[in-house]
Every structure is written in C-alpha cells, then in structure tokens.
There are 2 protein chains.
Amino acid sequence: MQSIEGAAARPAAPSGLRERKKRRTRDTLIRSALELFSRKGYERTTVDEIAEAAEVSQRTFFRYFANKEEVALAIQSAVDALFLAALRSRPAAEAPLPALREAVLDTWDGARAVIEAVVPLELHMRTYGLIESTPQLLAARLRSLSEVEEGLALEIARREGLDPHADPRPHVLVAAFGGVMRVTTRAWGERGEGGLDDLRELTVAYLDQLGPALAENWRT
Amino acid sequence: MQSIEGAAARPAAPSGLRERKKRRTRDTLIRSALELFSRKGYERTTVDEIAEAAEVSQRTFFRYFANKEEVALAIQSAVDALFLAALRSRPAAEAPLPALREAVLDTWDGARAVIEAVVPLELHMRTYGLIESTPQLLAARLRSLSEVEEGLALEIARREGLDPHADPRPHVLVAAFGGVMRVTTRAWGERGEGGLDDLRELTVAYLDQLGPALAENWRT
DNA sequence: AAGAATTATGTCAGTCCCTGACAATTGACT
DNA sequence: AGTCAATTGTCAGGGACTGACATAATTCTT
C-alpha cells in the first residue's frame, strides 16, 4: 500500500479487486467506529474494539487512518471535499460571498448521497453532537475546517484574479464565512437533530444575519 | 491540591508560602516546556523531559496541566483572559463590533506585562509559529479559541440585552470577528516575526477589510 | 497457467501520554 | 510541638501509535 486516498479525494474507481476490497475495509472501519462511538462514546471506545468489529488487526486500522480522530471525521471530510468542489463549479461571474453561500447550499443538497454510500444517514447525523461534545474531536474538526478554509480562500483568490498573499480579502471573507458556518452547524446540532433540510434553512438564516451583525446599531 | 487555577483566572494572590511555591513551579514548567519545544519541537519533546527540566516528577506535571498541549498554550490562555476582561470594561454605549475591535487593541497593549511575568517575550513570540506548524497544537488552540468566542458572544449579548439563544447576531458577529483574528495572527506569524506593534497594525488592517470583503463587487 | 513482483495484512516489541492508588513529605494552624 | 490538610513522588497499568519483519493475497509477466 503506497498511499490510501484520504476521504477527501475519492478517484473515479480504477476498480480492480484490490481497490474494491480496500474501499470495503475502509467503509467497514468507518461504520464500525461510528457505531461504537455512538453507543459507548468516543473516549470509551478503543481502537482495538473498532479493529475487532471490522475484523482487521489494530495495525491495519492505523494503515487506513492516521489516528482515531480521523475515522470519526472521515465522512465530514468527504462532505468538505464536496463543498470545495461545489465552489469550484460556481459560475465565474458570481461575487465571492454569493458564490460561497450557494456552494454550501449545493453541498447540503448533494451530501445525502455521499454519506449514505458509507453509513446510514442517521448514524452520521449523530456524529455532529458527538464531535461537539468531545473536546479532542472538536479540536480535530476545527483544525480540519481551517484547512478547508485555506482551500476556499485560494479558490476565491483565483476566481477574482488576486494574489492571496498580497490581498487579505479572500482570507478575511472566508474566515468570516467559515465562522458563521461553524456557529450554524453548532446551533443546528443543539436544536436536537433536525434533518439536512433544517440545516439548509438555518444556514440561510444565519448568513442573512452577517450583515446586520456587523452594523453599528443593533436596535432596529 | 484541590484545584489549580487555570492560567485564565489568576486571583489577586493570597500568597502564603504554599501558593507562591505552586506559582513558581507552574511558571517553571511553562518556561521549561516552551524552551524545549522551541529547541527540539513539540512532538520530539517528552513530558518526562519537561518535568525533569523543571525538577518535578512527571506525575506532578500532570497535576498542573491536564495534558501536554495545555502547557504549550498556557500563555495564550492568559492573553485570552485578558481579552475577555478588556471587552467587559469597554463602555456600554459602544456598539458591538467597535467594542470587540477596541478590546483586542487594548489586549495587545496589555499583553506584554502578562507574558513577561512568566517567560521572556521572545520565547513566547516563537510559540505562535510553533502552534501554527504543529497540527496537534493548532487543533487544541482552535478549540480553545472557540471557547473564548463563546464567552465573547455571551458578553456581547449581555451588553445588548439580548437572549443569545434567541438572537443569532452575537454568535454570528463573534464568529466572523474571531475568524478574522485568526487569519490576522496567522498572517503576522508568517511575516517572520514582527513584534506586538506589528500585530496591532495588522489587526487594524485586517479588520478594516471585513466590510469590503463582504461587498458584492471587489473591483474598485 | 505458474512463477515473479507488488502490495496488503498480521504479529511483535517498544515509546509515549495519561491515570488511579497509595505512601511520603511539606506547609498551615493552634 | 503536634495535628491537619495539601503537595509531591513512586508504582503499576491502559491505550494510542510506530517501526521492523514475516506472511498472505493480488497483480503482472511470460
């Protein structure tokens, strides 16, 4: 095994037997892990248990995932990749903020399929709360998001024909946008688990508050 | 030892010999740790080495810090506490965004003293790059920042007489603001280590880009 | 279709982070 | 001085991870 594709980039499938098997193992590991996490909590689940549930050795687990956090966040990372792809396919004429906004909404629409290819939707939904309530996972998730944001900033800069090193606006915009998205998903998670449709709605509502929140006077 | 005060809340000093000794031990651990991290890198430094450098047992180290990350971020947490305090002492009449803006600037001004009470300023400065280049530390730092942001949001809500659970603006504003601050300190760190004055300058510059970055049209 | 070359997996040993339990020491208080 | 409480050290152990090497499974070659 020279390189296992991150959850992020899943190539079109060169699909020999070998590749199919690896994918199956990987998906099984994710499913086993999420089920155990959901049942016993993240910290009280050991990697040995996950490996055993997926019928591989602990060593193999670590060949698929760099650490315990990575398996917990695997699906999230796949959705992140979707988001980045969505932004790349927004029309070039669109202004930066609208492009980001529409890209997230596109993502929520397309996420279902990506998720259900690996785990039951409901199991994935439960991981949002798990992440939020597990310090180590939240930390890993935030770091992962900061990488996504870097990618978004570069893409925005490219769209606008700017040098992201010279003009701070791409990074500033994406940082503000990313902050609002985090707050949105957190609020959504706290509202006791609505579906992807509710998330979509909240996203719109929160993004619409960005302008007003920056305004000088909040008493309107 | 019933409770060690987090770096955050450092009480006025009831100062018996016992308290003074604890403080000295804590500061020594921080200094030893940062020196080792700076010299050998975070991951290649073991807790045993830190403990030995500070002349305490490994077990004692873990009574002062919940984990290795915490000692690396101890000073940052102290500065965070300064920030929160700075916001609380902004005049009530000030609008939310200006209050946050002035609070950071006040913080950068007052930080020097807090830092130098524990470690040489230059040693602290080097930790910014360390955090940025150490995945585990960056993750922990981002998580820590998200807690700070929650505190800021609650304070903004209080100032404005709002229920933060009902009105999303406090959280949205703080998330956007926090995002920009992260980008700012990162850019500052990458510009090969200027001083606190440069950081202050960059803060102003980046915050001033927030409005323009959200604008529809970037071509002005 | 059989063997050679790759690649994936398992086993083992070891390091490091972190924790609970208990004993020993040290400062506080009368 | 003597008691009480808080701090520290020692020890044993669990769990995340890694490097090294052997084994087994695919793929490639002829």
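What you see is a predicted model; the values in this text were computed from it and never measured. Here is how names work: the chains are called A, B, and so on, in the same order as the sequence lines, proteins then strands, and each is numbered from 1.
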Engineer: For the pair A:Glu49 and A:Arg39, find out whether any cationic side-chain nitrogen is under 4.0 Å from an anionic carboxylate oxygen.
Structural biologist: no
Engineer: Which pairs count as salt bridge (charged side-chain N to carboxylate O under 4.0 Å, His left out) when at least one residue sits in residues 169-183 of chain B, sequence neighbours excluded?
Structural biologist: A:Glu149-B:Arg182, B:Asp167-B:Arg169
Engineer: CG of B:Leu137 to OH of B:Tyr42: how many Å apart, nearest 0.5 Å?
Structural biologist: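 Answer rounded to 0.5 Å: 5.0 Å.
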Engineer: Could you tell me the separation between the CG atom of A:Leu196 and the CD1 atom of A:Ile115, rounded to the nearest 0.5 Å?
Structural biologist: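 It is 5.5 Å, given to the nearest 0.5 Å.
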Engineer: Please report the distance, rounded to the nearest Å, between CZ in B:Phe62 and C1' in D:dT10.
Structural biologist: 15 Å
Engineer: For B:Asp48, give me all partners under salt bridge (charged side-chain N to carboxylate O under 4.0 Å, His left out), at least two apart in sequence or on another chain.
Structural biologist: none
Engineer: Salt bridge check: are B:Glu122 and B:Arg126 linked by an N-O gap of less than 4.0 Å?
Structural biologist: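 So B:Glu122 pairs with B:Arg126 through a salt bridge.
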Engineer: Sequence neighbours left out, what passes side-chain contact (heavy atoms from CB on, under 4.5 Å) with A:Glu155? Give chain and number order.
Structural biologist: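 Only A:Leu87, A:Arg88, A:Arg158, A:Arg159 meet the side-chain contact (heavy atoms from CB on, under 4.5 Å) criterion with A:Glu155.
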Engineer: Could you check how far NZ of A:Lys68 sits from P of C:dC18, rounded to whole Å?
Structural biologist: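 The answer, rounded to whole Å, is 13 Å.
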Engineer: Specify the separation, in whole Å, of atom CD of A:Glu69 and atom P of D:dG15.
Structural biologist: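 Interatomic distance, CD of A:Glu69 to P of D:dG15: 17 Å.
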Engineer: Any residue in residues 41-54 of chain B with a heavy atom nearer than 4.0 angstrom to DNA chain C? Just list them by number, or reply none.
Structural biologist: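 Nucleic-acid contacts, sorted: B:Thr45, B:Thr46, B:Val47.
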Engineer: Taking atom CZ of A:Arg141 and atom CG of A:Leu145, what is their separation to the nearest 0.5 Å?
Structural biologist: 4.0 Å
Engineer: In the 5'-to-3' direction, what one-character label does each nucleotide of nucleotides 24-30 of chain C receive under the scheme B = base within less than 4.0 Å of a protein heavy atom, S = sugar-phosphate only, - = no such atom?
Structural biologist: --BBS--
Engineer: For B:Gln136 and D:dA16, give me the distance from atom CD to atom C1', rounded to whole Å.
Structural biologist: 11 Å
Engineer: Heavy-atom count check: over 12 atoms from other residues, nucleotides or ligands less than 6.0 Å from A:Glu55 CD?
Structural biologist: no
Engineer: What protein N or O atoms touch nucleotides 10-14 of chain C N or O atoms at under 3.5 angstrom, if any, and at what distances?
Structural biologist:
from: C:dG10; atom 1: OP2; to: A:Ser57; atom 2: N; distance (Å): 2.8
from: C:dG10; atom 1: OP2; to: A:Ser57; atom 2: OG; distance (Å): 2.9
from: C:dG10; atom 1: OP2; to: A:Thr60; atom 2: OG1; distance (Å): 2.4
from: C:dG10; atom 1: N7; to: A:Arg63; atom 2: NH1; distance (Å): 3.2
from: C:dG10; atom 1: O6; to: A:Arg63; atom 2: NH2; distance (Å): 2.5

Engineer: If the plane angle is over 60° it's perpendicular, under 30° parallel, otherwise tilted; pick one for B:Phe61 and B:Phe65.
Structural biologist: tilted
